[in-house]
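Remarks on the structure that follows.
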Amino acid sequence: MKKPEFNDEFAKTKLREHKTFGGKTVEIMYGAKDENGNPVSPRDGVEDGHGTWSGIVVNGDDYRMFVWKHSAAEDGNVEYGTDFKEDALGQMESDVLKKWDLAKKAEKLAREGAGTEEDMKALQDEFAKLTVWDVPTEKTYTKRFEAAVAEFGPKMEAYKKNAEEKKNIVDQAKELLNSENFKNARASLNELKNKLYEVGSAGSDKDDEFRAAIREVENTLRDKQRDFYANLDANRQKAAAKKEEIIADTKKLLADVSNYKDTNVKLNALFDAWKEAGSAGHETDEKLWSDFNTLRQEFFDARSKFYEDRRAQWKQSIDAKEKLIAEAKEIGASNDYSKANTERMKELDKQWKQAGYSGKDRNDALWDEFTSAKEVFWSGKKAQFTKAVEEDVKKAEAAVEKMKKEIEDLEYKKEVAANPAMEKDAENEIYIKKSQLLDKEKTVEDLKKKIAE
């Protein structure tokens, strides 16, 4: 707004620099009159009927009114430019200073990573609640605050990424505490320290934590090294005793090997124990290692020979079985189901068992192929047998029918016999025929069972 024009040559204007908001306060006194009603210069603390307009210079000719107490000639009413009435200047100062403080806190969060997204959101919420006064210093603080908020997100991502990388470095450093080679461990730790310092910031607090963690590893490693050398002789004796025990266990393990796979697992475990046993001193270590490694090499040589022999046995078994399969296929394809071929097929089964195991990759497949080849022969033989039996059944059934007809004729002959002697002869023949019929019916039943089998 523009400053009011009061058309009073005696009006007084007071301007004061105000650093808090970066502008000036303004107070205009006007409309004073003496006891005779003539215009005069207004004075503070004097009842001369003057009015007072107060506010701030925002920018150039742009003003903001806080309070306007009209002159007595204007009825002396009071107007307010803000909801804060007489407290407007104080409230403005308070809001501007709070925005300055919030801008600094936001910058610290963005710069140092010493907070969370929730912390920044809380600052934004607090900033948004403050009144906008549109004064120069406030605008500067607002820009700083907004820039810090914009910077915070990407920086937080960078902080998180750097924190993960630094944590990985610290974890690697902690693993060095398990090392018994202090020279190598110290060299590796120095490399990790350099890597840690090369990684960008993870936030000031986190950076301090990671540096402290590396220092703690360094101090602990130094203490372990000091303790180790202080007890070097005792440690070497302990390591030598442990390695001698491992050698004894290895001899016992390899004395009678029945399963090379399981034994290899146990031997590897003994080797791991050997590596963990520590140093027994250069000369002692070389002697003990020679003893231990000789046992290991003897086992590896024996294992290699075992597997080589087994592969040869499998190859021999495979070759033998492939020949048996070929012969079974040849016999099956001949359609010759003679006694000689039948006996040979049975002999093939015996020779298959004698051929032994062919290894897990081929054994089952070879068996399936052999079984299929045999099935061709045995199925054909059964079909031939069934056909022959069916023909026997037909012949036997025809004989049964014939006997039944003969029995009927004899029974008629008995009925018309001319004398008792002829009747007795017919009765005897009927008895014999029925006995023969039962035998033939039993034959038919047996033959049918063979077909069903």
Should [X] and [Y] count as an ion pair when the cut-off is N to O under 4.0 Å?
X: Lys193; Y: Glu218; result: yes
X: Arg226; Y: Asp223; result: yes
X: Asp249; Y: Lys266; result: no
X: Arg211; Y: Asp208; result: yes
X: Asp409; Y: Lys413; result: no
X: Lys105; Y: Asp101; result: yes
X: Lys305; Y: Asp309; result: yes
X: Glu322; Y: Arg362; result: yes
X: Asp207; Y: Lys166; result: yes

Side chains of [X] and [Y]: does their closest heavy-atom pair fall under 4.5 Å?
X: Asp336; Y: Ile331; answer: no
X: Lys404; Y: Glu441; answer: yes
X: Val135; Y: Glu138; answer: yes
X: Arg303; Y: Asn264; answer: yes
X: Asp134; Y: Val132; answer: yes
X: Val257; Y: Phe306; answer: no
X: Phe84; Y: Met92; answer: no
X: Ile430; Y: Lys434; answer: yes

Side chain to side chain donor-acceptor pair (under 3.5 Å) pairs, two or more places apart, involving residues 120-133: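 Those involving residues 120-133 are Asp95-Trp133, Lys121-Asp125.
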
Examine the side chains of [X] and [Y] and answer whether a donor and an acceptor come within less than 3.5 Å of each other.
X: Gln313; Y: Tyr357; result: no
X: Ser179; Y: Asn181; result: no
X: Arg344; Y: Asn341; result: no
X: Lys321; Y: Asn363; result: yes
X: Asp285; Y: Ser279; result: yes

Show the nearest heavy-atom pair for residues [X] and [Y], with the distance to one decimal.
X: Lys440; Y: Ala396; result: CG-O, 3.6 Å
X: Tyr63; Y: Val57; result: CE2-CG2, 3.4 Å
X: Val170; Y: Ala213; result: CG1-CB, 3.7 Å
X: Leu221; Y: Ala185; result: CD2-CB, 3.9 Å
X: Ala240; Y: Thr284; result: CB-CG2, 4.3 Å
X: Ile214; Y: Ala173; result: CD1-CB, 3.7 Å

Verdict with reasoning, Lys275 to Asp272, per salt bridge (Lys or Arg N to Asp or Glu O under 4.0 Å): CA-CA 5 Å; Lys275 291 185 288 186; Asp272 290 339; 3.5 Å; yes

If I take atom [atom1] from residue [X] and atom [atom2] from residue [Y], how far apart are they, to the nearest 0.5 angstrom?
X: Ser435; Y: Met403; atom1: OG; atom2: CE; value: 9.5 Å
X: Lys381; Y: Tyr337; atom1: NZ; atom2: OH; value: 9.5 Å
X: Ser358; Y: Trp352; atom1: OG; atom2: CH2; value: 6.5 Å
X: Leu270; Y: Glu245; atom1: CG; atom2: CD; value: 9.5 Å
X: Glu415; Y: Leu410; atom1: CD; atom2: CG; value: 11.5 Å
X: Glu165; Y: Asn168; atom1: CD; atom2: CG; value: 8.0 Å

Can you check whether [Y]'s main-chain N or O pairs, donor with acceptor, with [X]'s side chain at less than 3.5 Å?
X: Ser290; Y: Glu286; result: no
X: Asp87; Y: Gly90; result: no
X: Glu343; Y: Lys339; result: no
X: Lys243; Y: Gly278; result: yes
X: Ser317; Y: Gly356; result: yes

Residues that Glu175 engages under side-chain hydrogen bond (donor to acceptor under 3.5 Å, both in side chains), provided they are two or more places apart: none

Ile56/His18 under side chain to side chain contact (heavy atoms under 4.5 Å, CB included): CA gap, chis, key distance, verdict: CA-CA 9 Å; Ile56 59 173; His18 198 290; over 6 Å; no

Just wondering, are more than 12 heavy atoms of other shown residues or ligands nearer than 6.0 Å to [atom1] in [X]?
X: Glu216; atom1: CD; result: no
X: Asn219; atom1: CG; result: yes
X: Lys238; atom1: NZ; result: no

Verdict with reasoning, Asp319 to Lys323, per salt bridge (Lys or Arg N to Asp or Glu O under 4.0 Å): CA-CA 6 Å; Asp319 291 343; Lys323 290 179 180 178; over 6 Å; no

Using residues 295-302 as the side-chain source, report each donor-acceptor pair under 3.5 Å to any protein atom, sequence neighbours left out, with the distance given to one decimal.
{"residue": "Arg296", "atom": "NH1", "partner": "Asn293", "partner atom": "OD1", "Å": "2.7"}

Evaluation steps, side chain to side chain contact (heavy atoms under 4.5 Å, CB included), between Trp314 and Asp361: CA-CA 10 Å; Trp314 287 353; Asp361 293 336; over 6 Å; no

Pi-cation contact, Phe127 with Lys99 (under 6.0 Å, within 45°):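 Geometry flag: set, cation within 6.0 Å and 45°.
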
Stacked cation flag Lys287 on Trp289, 6.0 angstrom / 45 deg: no

Ile247/Lys251 under side chain to side chain contact (heavy atoms under 4.5 Å, CB included): CA gap, chis, key distance, verdict: CA-CA 6 Å; Ile247 291 172; Lys251 289 180 179 179; 4.0 Å; yes

Verdict with reasoning, Glu429 to Lys414, per side chain to side chain contact (heavy atoms under 4.5 Å, CB included): CA-CA 10 Å; Glu429 287 185 49; Lys414 176 185 174 183; over 6 Å; no

